[in-house]
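I have placed the structure first, in the form of structure tokens, so that the comments after it can refer back to it.
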Amino acid sequence: LILVTELDYIEDVEHLFQLASIELPSNAAIVSTKWLSDCIRAKALTTPEKQHFLCRKAPEKKLPEDSATSTDISSASAAAFPTEFLCQMRCPLEHHNASLAQALSVLARNSEHQYGITKDQQYYAKALAFDRAAACLKSLQQPLLSISQLTDSCPRYIGDHAIRIITELLNTGASAEVDAVTGSDLYQCMTNLTAVYGVGQALAYKWYSCGVKSVSDATHRLLRHHECGEGQQQKRDSELVALLPMGGGDHKRLQTGLAFHNDLVNKPVALAEASYFRDLIAKLLLELRGPGFTVTLVGGFSRGKSTGHDCDLLITHDVEGREAGAVSDLARVLTAAGMVIHGTFEANSFSPSVLSRDFRVKELRSTLDHFEKWLGVIKLSSRDADSSTVDRDVESIMAKIDGNGCDRRGEGLPAAKRRALSPNYCAFDSFAEAVAMAGGEAGAASASRGWLARRVDLIAVPQSQYAYALLGWTGNRLFNRDLRLFAQRQRRMKLTSHGLFDLQKEASLPASSEEEIFQHLGLDYIPPKFRNC
DNA sequence: GAGCAAAATTT
DNA sequence: AAATTT
DNA sequence: GCTC
Ligand SMILES: Cc1cn([C@H]2C[C@H](O)[C@@H](COP(=O)(O)OP(=O)(O)OP(=O)(O)O)O2)c(=O)[nH]c1=O
Ligand SMILES: [Mg+2]
């Protein structure tokens with residue numbers, strides 16, 4: 001007896017039979033639809049093999065999730081936990097309600113587009129609400145098969161509208177509202193345009209209104225605009241000025257996003273690639289600044305994703321303060337090695353005066369040009385990267401910078417020369433040059449050029465802020481927003497990626513690990529793989 | 001009806 | 001202040 | 001849109 005299913009886990013099948021009050025035959029081989037495909041391809045019934053059989057879920061919950069550990073908290077603060085926040089739900093990357101969650105996130109993105117179009121803040125909030133509802137579904141331990149499972153006790157953040165969508169999907173397999181959005185020209189174009197680095201909802205809609213509906217439309221129009229601009233055709237200019245972000249400006253970031261769009265959006269960064277870059281940065285730091293640095297791959301990869309839209313690296317040093325200047329040094333050598341297409345520095349200044357301790361730190365350091373963050377688009381080799389190539393690549397980079405007369409450390413440079421390197425860098429002068437560098441408009445030449453354009457975030461923080469930076473940069477975005485909301489609303493504390501400030505004690509709370517931060521907040525620790533809200 | 005995370009930069 | 005990014 |  002062979003049982004073919006589209007469900008992902010044996011537990012899901014058991015659950016379904018249980019709901020239907022049918023006994024699951026004990027002699028049934030439970031296989032995925034892949035078995036069926038293979039049989040069809042073989043034009044014969046074949047014996048199911050290992051890769052066809054469904055698995056049981058890995059025993060994740062080693063922790064006895066009983067009330068024992070949480071009684072002290074929940075009994076003491078039953079009123080403080082009226083309902084569960086998203087940041088306490090465990091949201092794994094792969095879950096049991098992907099299609100339902102996807103439907104709700106379509107409505108979230110649509111609300112975001114509406115926000116860009118109307119500037120009505122209500123739409124921004126609606127997008128948040130739909131994202132939260134989707135996240136709730138990700139935390140469910142079983143696939144939702146009947147709406148009655150929700151009507152008894154509904155998770156926080158799932159309200160009337162979400163229930164309506166879910167009911168529709170469960171009963172008919174489709175939702176008229178979601179399908180209308182998905183099928184609309186506006187939604188499709190806004191989705192494609194806002195995917196470009198440097199294009200937000202406002203510019204995307206401006207372009208859409210002008211008939212620029214795709215990335216290639218935008219690229220062509222911008223190329224023509226620049227040609228005509230140099231040929232001083234003023235009336236052409238006035239037609240197309242609407243295409244650019246407000247004011248004049250450089251638009252180098254936008255130009256980078258457009259020219260390298262195919263690499264940046266259609267070729268996601270693989271884990272192996274990100275790990276390679278982490279190793280490269282770690283070894284460069286050792287060469288440039290000596291031992292004591294740690295470089296951690298954060299962002300989506302640290303939550304278990306196997307691909308990402310960028311590579312986020314968090315840097316710190318055993319000795320407080322020694323991390324200062326590390327980001328500048330790295331950006332400088334990467335630039336000198338010819339790897340950088342576009343890069344911007346950001347300073348680490350704390351505007352909220354509530355973080356008084358950190359405020360003083362800022363004032364102490366503000367005289368130095370202390371950059372903590374660098375956002376870059378760089379060329380990374382598209383050949384297979386393994387650990388043996390890292391050493392070679394480090395050597396080659398060091399050779400290039402020594403040959404260029406580039407200081408290994410920024411300290412020796414006069415202030416004027418340093419400013420020339422910062423805060424912005426761009427390897428091309430015109431959009432046409434950028435497109436040429438990318439290998440033409442189709443961007444098809446990436447195989448022959450031997451490299452891919454990759455977005456990279458480098459963040460360096462002192463040891464004392466490391467735990468907060470790690471928490472913040474591990475994300476995801478929705479998890480951060482909900483955790484920070486919890487801190488503010490339930491604990492009267494202000495949480496940022498630099499620290500946690502108790503507004504009543506008027507004191508910031510040091511932490512040396514993520515676990516300590518959760519303790520400060522009175523929450524059970526949620527490991528990164530369950531922060532995929 | 002109020003609030004929705006919090007930070008940075010650029011024009 | 002608006003727009004974009006993390 | 002959802003919670004308080
Ligand atoms: C975009 C964004 C990110 N962050 C934090 C959480 C993110 O995990 C972290 C890195 O940002 P991202 O690199 O934008 O997000 P990501 O790494 O989670 O996803 P991807 O794989 O697509 O790169 O920064 C915020 O706190 N707020 C934000 O608005
Ligand atoms: Mg990332």
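Numbered from 1 within each chain, the chains take letters A, B, ... in sequence-line order.
- Closest contact between the side chain of A/R156 and the listed nucleotides B/dA5, D/dT3, B/dA6 involves D/dT3.
- Residue-level contact check: A/A127 touches neither bases nor backbone, having no heavy atom under 4.0 Å from any strand.
- Note: A/H251 and A/F431 fail the aromatic proximity criterion, with ring centroids not under 6.0 Å apart.
- Distance from the side chain of A/R253 is smallest for C/dT5 among the nucleotides C/dT5, B/dA5, B/dT10.
- With rounding to the nearest 0.5 angstrom, the OH atom of A/Y425 is 14.0 Å from the OG1 atom of A/T344.
- Within the structure, a side-chain polar atom (N or O) of A/K119 is placed less than 4.0 Å from OP1 or OP2 of C/dA3.
- A/Y124 places its OH atom 11 Å from the P atom of B/dA6, with the value rounded to the nearest Å.
- Looking at A/R109 and A/D131, a side-chain N of the basic residue comes within less than 4.0 Å of a carboxylate O on the acidic one, giving a salt bridge.
- Under the 30°/60° scheme for interplanar angles, the aromatic rings of A/H161 and A/F130 are found to stand perpendicular.
- When the P atom of B/dG3 is taken as reference, atom CD of A/Q490 falls 17 Å away, rounded to whole Å.
- Counting only heavy atoms from C-beta on, A/H498 has its side chain closest to B/dA7 among B/dA7, C/dT4, B/dC4.
- Separating the P atom of D/dT3 from that of B/dA5 is a span of 15 Å, rounded to the nearest Å.
- What separates CG of A/N110 from P of D/dG1 is a distance of 11 Å, to the nearest Å.
- Listed candidates were B/dT10, B/dT9, D/dC2. Nearest to the side chain of A/E346 is B/dT9.
- Counting non-hydrogen atoms under 4.0 angstrom, A/V298 reaches nothing in the nucleic acid.
- Rounded to whole Å, the distance from CG on A/L375 to C1' on B/dT9 is 9 Å.
- The side chain of A/K494 lies closest to B/dA6 when the candidates are B/dA6, C/dT4, D/dC2.
- Note that CG of A/L150 and CG of A/L144 are 4.5 Å apart. Values are rounded to the nearest 0.5 Å.
- If you take CZ of A/R481 and C1' of B/dC4, they are 7 Å apart, rounded to a whole angstrom.
- Remark: A/Q488 is in phosphate contact with B/dA6, judged by side-chain N or O atoms under 4.0 Å from OP1 or OP2.
- Proximity note for A/F130 (side chain, C-beta onward) versus D/dG1, C/dT5, C/dT4: the nearest is D/dG1.
- Between A/Y157 and A/F85, the ring planes are perpendicular. Angles over 60° get that label, and only those under 30° would be called parallel.
- Using a 4.0 Å heavy-atom cutoff across all strands shown, A/A125 reaches at least one base atom of the nucleic acid.
- Using a 4.0 Å heavy-atom distance criterion, A/L107 is classed as making no nucleic acid contact.
- At a threshold of 4.0 Å, the pair A/R531-A/E514 counts as salt-bridged, since one of the basic side-chain nitrogens sits closer than that to a carboxylate oxygen.
- Closest approach to the A/R484 side chain among B/dT9, D/dG1, B/dA5 is made by B/dA5 (side chain taken as heavy atoms from C-beta onward).
- Out of B/dT9, D/dG1, C/dT5, the shortest distance to the side chain of A/Q122 is found at D/dG1.
- When heavy atoms are screened at a 4.0 angstrom cut-off, A/D160 is found touching the sugar-phosphate backbone but no base atom.
- Rounded to an integer number of Å, the gap from CH2 of A/W374 to P of B/dA7 is 25 Å.
- Between the CD atom of A/Q465 and the P atom of B/dA6 there is a distance of 17 Å, given to the nearest Å.
- Distances shown here put a side-chain N or O of A/N424 below 4.0 Å from the OP1 or OP2 atom of B/dT10.
- The distance from atom CD of A/Q121 to atom P of D/dG1 is 16 Å, rounded to the nearest whole Å.
- Nearest nucleotide to the side chain of A/R489, out of B/dG3, D/dG1, C/dT4: B/dG3.
- Picking from B/dA5, C/dT5, D/dC2 the nucleotide with the shortest atom distance to the side chain of A/Y197 gives C/dT5.
- Residue contacts shown for A/L495 are limited to sugar-phosphate atoms, with no base heavy atom under 4.0 Å away.
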